Amino acid sequence: MKIVCLGGGPAGLYFGLLMKLRNPANRITVVERNRPYDTFGWGVVFSDATLENLRRADPVSAERISDAFNHWDDIDIHFKGRTLRSGGHGFIGIGRKKLLNILQARCEEAGVELVFETTVEDDQALARQYDADLLIAADGINSRVRAAYADTFQPDIDQRQNRFVWLGTEKAFDAFTFAFVQTPHGWFQAHAYRFEPGLSTFIVETPEAAWRAAGLDRMSQEEGIRYCETLFAPWLDGHRLMSNAAHLRGSAIWIRFPRVICGHWVHWNTLDTPRGRRQVPVVLMGDAAHTAHFSVGSGTKLALEDAIELADQLTAGQGGCTSRPGPDDGSPDAVPAEQDLRAALQRYEDVRGVEVLKIQNAARNSTEWFEHVDRYAGLEPEQFAYSLLTRSQRISHENLRLRDPRWLQGYESWLATRAGVDVGSRERPPLPMLTPYEVRGVRLKNRIVVSPMAMYACTEGVPGDFHLVHLGAKALGGAGLVMVEMTCPSPDARITPGCPGLWNDEQGAAFARIVGFVHGHSDARIGIQLGHAGRKGSTQLGWQRMDHPLPADNWPLMSASALPYLPGISQTPRAMTRADMDRVRQDFVDAARRAATAGFDWLELHCAHGYLLSSFISPLTNLRDDEYGGDLDGRLRYPLEVFAAVREAWPARLPMSVRISAHDWVEGGITADDAVEIARRFKAAGADMIDCSSGQVSPDQHPVYGRMYQTPFADRIRNEAGIPTIAVGAIFEADHVNGIIASGRADLCALARPHLADSAWTLREAARVGYTDVDWPVHYLAGKRQLETNFVRAAAAVPAPARSEA
């Protein structure tokens, strides 16, 4: 093949090298605008795993790169006068110039033609000039080719919030170093690492507002660098900071990181070439196709692995192998047939698209963490460090144990001691998810909550044997708190005819029987969630036509406004009158008193998912023009009235939480910013905790699902509004819960579906991760020993997991 790589960075050079090594008859040309052996930037960082990928692709260049690398395992975090070191992370750093020099020399050895000092304005002319079969656009983060074919590539470029400057220093750091400095203008942080003897990269980052408030936008380049030197003097040990961007003036060295995502990576041009009119593909690679924030150190890694994957696909036995002769000049070219080339390029885009998305998701999490250091500044240094290490959500609790078991066990001891555990009396500290939690007069034995789950199994609101077994099993299964599903304060408050109620003494007595079982046979606590269905009431059971009206005997509905949930399908509710509000508020009060009489330990007020109280909060469902509508103050007025009345009726020694929809997932609806303010209002009213769910307010919602996808709401509310939170949503492993609790993203974790599949989820997960110091019901102790033994045997039969990279 005749291949032209536009851009002589790591992606273009490495792909050209690999294709030449795969077939020396390939004619490879790399065109670069800079001078030979010239580059900008300081050091780049890889993980050990990335180097292994390079060794498989080309052992020769990998060995040269490895010889030039500086390797370290430790991360140092400097925060509030403390230094915390964690090991086992496996980083390698190399100067960007050195890396390019190695790849340039290797390309020349292999016969790749390198063309320097050539600025390309017209990629099609370039392809015609070299009679190319394939043109690689590796022309960087500001790719001209990507812009030229934007209709095909569909780029999405997001300029992130922080400003950063890429500097160097002769201070040689012996660990990957994060240093945080609080100024009157805001937080500044440095990312520093050694990449060759006597030279380190030193990136300074800060929010835009702090950057401007400090006057850096008005400083010269030299003044800005001196400002950073003064700020980070304690870690520079008298060394200067240096810039190699002399071509930039003033504050232009401070940039915002552009996150690049492309919908497609391949564009086809029809060109008139020396071999006739042909379809020539243009393929994005490296930063031209995607970027990942420097805080996960993956930009160069992604570029090199793009090159490996495309080379693999073009030379794979199942694609790109059917060839046609080259031109009639006796050349040995074998060019893949167009359909084979199209298939290979599609596989490249599909395979790399998935892998890049994983890294970009991790990078987004990491980016947002550094954009909001002030959110975590209230954490103690130990927890701040844990939060930083796990910020991308690709490094889990057990992955940290794999990296540095001593450090993690020390942190677990610190966390458990903070929770009131005497760790000195234990062989090992408890897992974060198994630490106790106390609020008001209730102590939970651990951080696991059985989330309220609608069972639709009641008759006239009365829970029977099903609920006794269902809830009793969950209590025996090891959770700290078992929550009853949404329970209704009146018959017309139900979602379905099968929903539980607390509007009469018969229902109260039935619940007292269940509470008595939980208290008598387990050390779990049990709570009840009170809610009114509002416009989502009078519907069929969950396994029938969910959210659709009953075929017959529907009861009238009410809501904040006269809007049906499913237009044209659902019953239209009436807008509540003041008399309705008074009656419903009293119904909630009466139900709370019955719950207290039944012996419940915890009460939650349901203000989420589009039910009655939620319908007041969301602007999508509240169109009122009286004092209960309009801005957030008006929309919260009635839910806060109900909360205050219930809080007064509920015993002061018992906790009360509020479930909210922290995001409506609909434009114009509640956002995470609103959720923080909503939480502040309920905190001021006396709420002990916010249960952070989202959505289900409008059928037009478009949630962004994923592992622990709602936990960021709990994180923001906890650390910005200053109120404890419950995290919910796609939490299904001990690692998830341990990471959430240990990092301070939430105080409790509520799991629904996992508990439907396994009532003893808590006990099973503890055994699965090798933690045995957990209480089981005495009747089940033989099962405990068997389960733990089985997991030990299974673990011994499986190779040790690799360390996650990001």
Side-chain angles (χ1 to χ4, degrees), residues 440-446 448-491 493-533 541-542 587-606 646 649-651 653-657 750-752 755-756 758-763 775-780:
R440 294 195 184 240
V442 173
R443 185 177 187 272
L444 305 180
K445 64 178 179 179
N446 61 47
I448 306 300
V449 179
V450 176
S451 199
M453 296 172 281
M455 295 290 103
Y456 313 110
C458 293
T459 302
E460 297 298 326
V462 178
D465 289 345
F466 174 86
H467 277 84
L468 177 68
V469 173
H470 166 65
L471 297 168
K474 304 299 181 286
L476 292 173
L481 175 63
V482 177
M483 291 296 297
V484 177
E485 66 205 85
M486 188 177 96
T487 301
C488 307
S490 61
R494 291 175 294 170
I495 309 168
T496 76
C499 291
L502 255 181
W503 63 81
N504 62 43
D505 291 342
E506 182 185 4
Q507 296 158 349
F511 273 120
R513 173 183 177 230
I514 295 168
V515 172
F517 178 89
V518 170
H519 288 164
H521 297 276
S522 78
D523 52 2
R525 296 290 176 257
I526 183 167
I528 190 162
Q529 184 187 73
L530 295 181
H532 190 299
L541 303 182
D587 289 342
F588 271 107
V589 168
D590 293 342
R593 288 173 176 152
R594 288 191 177 92
T597 300
F600 281 103
D601 305 297
W602 191 292
L603 188 145
E604 180 165 284
L605 187 64
H606 203 326
V646 173
W650 184 242
R653 62 183 175 80
L654 299 179
M656 185 172 168
S657 58
L751 292 78
H755 278 123
L756 291 179
D758 184 357
S759 293
W761 181 91
T762 305
L763 303 179
D775 290 334
W776 278 51
V778 292
H779 317 80
Y780 295 169

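Since the model is a prediction, treat every value here as computed from it, not as a measurement.
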Using side-chain contact (heavy atoms from CB on, under 4.5 Å) as the criterion, list what pairs up with [X], not counting sequence neighbours.
X	value
Val469	none
Ala591	Pro489, Leu502, Leu530
Ala512	Ala598
Ala596	Trp650, Pro651

I'd like to know whether Phe588 forms a side chain to side chain contact (heavy atoms under 4.5 Å, CB included) with His532, so could you lay out the CA-CA distance, the side-chain angles of the two residues, the decisive distance to 0.1 Å, and finally the verdict. CA-CA 9 Å; Phe588 271 107; His532 190 299; 3.9 Å; yes

For [X], what residues pass the side chain to side chain donor-acceptor pair (under 3.5 Å) criterion, not counting sequence neighbours?
X	result
Arg593	none
Trp602	Ser657
Asn504	none
Arg440	Asp688

Apply the test side chain to side chain contact (heavy atoms under 4.5 Å, CB included) to residues Phe600 and Val515: give CA-CA distance (whole Å), side-chain angles for both, the deciding distance (0.1 Å), then the verdict. CA-CA 7 Å; Phe600 281 103; Val515 172; 3.7 Å; yes

Identify, with sequence neighbours excluded, every residue that meets salt bridge (charged side-chain N to carboxylate O under 4.0 Å, His left out) alongside Asp758.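 Arg764.
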
For the [atom1] atom of [X] and the [atom2] atom of [Y], what is their distance to the nearest 0.5 Å?
X	Y	atom1	atom2	value
Ile514	Leu471	CD1	CG	5.5 Å
Asp775	Ser522	CG	OG	11.5 Å
Ile528	Met486	CD1	CE	11.5 Å
Thr762	Trp776	OG1	CH2	10.5 Å

Taking only residues at least two apart or on different chains, which pairs with a member in residues 450-476 satisfy salt bridge (Lys or Arg N to Asp or Glu O under 4.0 Å)?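 Qualifying pairs: Asp465-Arg513.
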
Pairs satisfying salt bridge (Lys or Arg N to Asp or Glu O under 4.0 Å), at least one member in residues 520-530, at least two apart: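 Checked against salt bridge (Lys or Arg N to Asp or Glu O under 4.0 Å) - neighbours excluded - the pairs reaching residues 520-530 are Lys445-Asp523.
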
Is there a donor-acceptor contact under 3.5 Å from the side chain of Asp601 to the main chain of Gly527?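 Here the side-chain-to-backbone pair does not exist.
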
Give a yes or no on whether the backbone of Leu751 and the side-chain of His755 come within a donor-acceptor separation of less than 3.5 Å.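 At least one qualifying donor-acceptor pair exists.
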
Show the atom names and distances, to 0.1 Å, of all donor-acceptor pairs under 3.5 Å that link a side chain in residues 475-485 to residues at least two apart or in another chain.
residue, atom, partner, partner atom, Å
Glu485, OE1, His467, NE2, 2.6
Glu485, OE2, Met455, N, 2.9

May I ask you to check whether over 12 heavy atoms, not counting those of Tyr780, lie within 6.0 Å of atom OH?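 Open.
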
For Trp503 and Gly461, which heavy atoms make the closest approach, and how far apart are they?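 It is CH2-CA, 4.1 Å.
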
